[in-house]
Amino acid sequence: MAHDDTYEERPRRRGRKVLITLVVLLLVLGGLIVVADRVAVGVAERAIADQVRQEIAKQGAQSSPPEVEVGGVPFLTQVLDGRYERISIALRDVQGSVRGDAVALPKLDVDARNVRASLDTIRSGQGDVVAETVDGTGTISYDSLAKLLDRPGLTLGEQNGRLAVTAPVDILGKRLTVTGTADVTVGKEGKVALRFNDLNADGLPNLPLARTLLNNYARSISIDVPLPELPFQLAVREVRPLPEGLAVTADARNVPINSATG
């Protein structure tokens with residue numbers, strides 16, 4: 001009877017060993033697939049970063065090396081399907097040019113969704129790579145924005161959610177410090193429309209002419225400021241003052257990523 005028990009126990013042990021071996025092999029295979037997937041992501045991110053860097057240079061702009069992240073897992077499945085969930089691009093210290101003046105964007109983040117690219121396109125580099133939507137958020141420094149207004153001593157900042165201005169102005173032979181706020185909207189062709197409607201100055205003479213001169217100054221700095229060309233055909237939709245700078249929100253639809261970056 002003891003001999004029969006030993007005979008039955010051996011197949012059970014062998015079965016458990018086979019099961020354990022199979023589980024270990026599956027785990028190793030799964031780990032290799034994950035490693036291959038992450039390696040492929042890294043290759044794609046470096047290639048995209050290089051294309052973005054070339055596009056920025058073609059626009060006559062500068063920035064720190066782009067940081068690219070390809071979202072969605074697994075990546076290799078997206079390659080075979082020809083559709084990528086998300087490609088995020090972070091640009092820092094962007095320097096563009098408007099009418100010969102440098103415009104600084106300390107940061108510009110771009111998020112492309114539902115990017116379509118066939119496997120043949122990825123292999124050959126030929127064909128269409130199209131993002132269904134592209135959204136961008138950036139910040140323009142107040143110093144560079146003030147330079148575009150071309151008024152010596154003028155400074156811009158944020159005050160209670162509005163764009164605030166401080167500037168020295170000569171009115172009727174007196175040097176006064178003008179302060180006030182502006183309405184900021186998106187103007188024609190994506191320009192930033194600045195409208196200074198509420199300016200005051202301590203010591204302003206109580207004369208109609210003095211007030212007229214101050215109003216004339218307000219109109220002279222109430223202009224539509226062009227922005228440097230943004231990548232990926234991004235069109236500015238909204239601007240709003242923040243403590244760190246003028247926040248810009250932009251978007252685009254059905255964007256050919258390869259022609260925009262290559």
K.L.:
If you look at every heavy atom in A112 and A131, which pair is closest and at what distance?
P.N.:
CB-CB, 4.0 Å
K.L.:
Can you name the nearest heavy-atom pair linking Y217 to L154, along with the distance?
P.N.:
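Scanning both residues, the minimum pair turns out to be OH-CD1, 3.6 Å.
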K.L.:
Apply salt bridge (charged side-chain N to carboxylate O under 4.0 Å, His left out) to E69 and list each qualifying residue two or more places apart in sequence or on a separate chain.
P.N.:
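For E69 the salt bridge (charged side-chain N to carboxylate O under 4.0 Å, His left out) partners, ignoring immediate neighbours, are R86.
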K.L.:
Please check if the side chain of S222 supplies one atom and the backbone of F196 the other of a donor-acceptor pair under 3.5 Å.
P.N.:
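It does hold such a pair.
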K.L.:
With sequence neighbours left out, what residues match R92 under side-chain contact (heavy atoms from CB on, under 4.5 Å)?
P.N.:
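Expected list: S64, A90, K107, D109.
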K.L.:
Is there a side-chain contact between D224 and R195 (heavy atoms, below 4.5 Å)?
P.N.:
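In contact.
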K.L.:
Got L194 and L149 here, is their nearest side-chain heavy-atom distance under 4.5 Å?
P.N.:
yes
K.L.:
Rounded at 0.5 Å granularity, tell me how far CG in D202 sits from CG in L176.
P.N.:
8.5 Å
K.L.:
Check this for me: N160, atom CG, are more than 12 non-hydrogen atoms of other residues, nucleotides or ligands nearer than 6.0 Å?
P.N.:
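For N160, atom CG is not crowded (no more than 12 foreign heavy atoms under 6.0 Å).
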K.L.:
Grab the two heavy atoms, one from L156 and one from Y142, that are nearest each other, plus how far apart they are.
P.N.:
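Shortest heavy-atom contact: O-CB, 3.4 Å.
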K.L.:
Count I, L, V, M, F, W, Y as connected when their side-chain heavy atoms are under 4.5 Å apart, and connections chain through other members. Are L242 and V192 then in the same cluster?
P.N.:
no
K.L.:
For a 4.5 angstrom cut-off between non-hydrogen side-chain atoms, does V186 reach R237?
P.N.:
no
K.L.:
Any non-hydrogen side-chain atom of L234 less than 4.5 Å from a side-chain atom of V134?
P.N.:
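They are in contact (side-chain heavy atoms under 4.5 Å apart), so the answer is yes.
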K.L.:
How far apart are the closest heavy atoms of E244 and T139, and which atoms are they?
P.N.:
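What the structure gives for the nearest pair is O-CG2, 3.9 Å.
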K.L.:
Using 0.5 Å steps for rounding, measure from the CG atom of N200 to the CG atom of L214.
P.N.:
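Answer rounded to 0.5 Å: 7.0 Å.
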K.L.:
How long is the straight-line distance from CD of E238 back to OG1 of T137, given to the nearest 0.5 Å?
P.N.:
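Going from OG1 on T137 over to CD on E238, the span is 11.0 Å.
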K.L.:
So how far is it from L207 CG to I171 CD1, rounded to the nearest 0.5 Å?
P.N.:
11.0 Å
K.L.:
Rounded to the nearest 0.5 Å, what separation is found between the CG atom of L105 and the CG atom of L227?
P.N.:
8.0 Å
K.L.:
May I ask you to test the D183-R162 pair for a side-chain heavy-atom distance under 4.5 Å?
P.N.:
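Yes. Closest side-chain heavy atoms under 4.5 Å.
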K.L.:
Working to the nearest 0.5 angstrom, can you tell me the gap between N114 CG and I87 CD1?
P.N.:
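The distance works out to 10.5 Å.
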K.L.:
Could you tell me whether the side chain of V225 reaches within less than 4.5 Å of the side chain of I223, counting heavy atoms only?
P.N.:
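I223 reaches V225 side chain to side chain.
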K.L.:
So which heavy atom on A252 is nearest to which on Q233, and how close?
P.N.:
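In terms of heavy atoms, the two residues are closest at CB-O, 3.6 Å.
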K.L.:
So do P241 and L246 actually touch side chain to side chain, heavy atoms under 4.5 Å?
P.N.:
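In contact.
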K.L.:
Locate the shortest heavy-atom distance separating P106 from S141; write the atom from each residue and the value.
P.N.:
CD-N, 3.9 Å
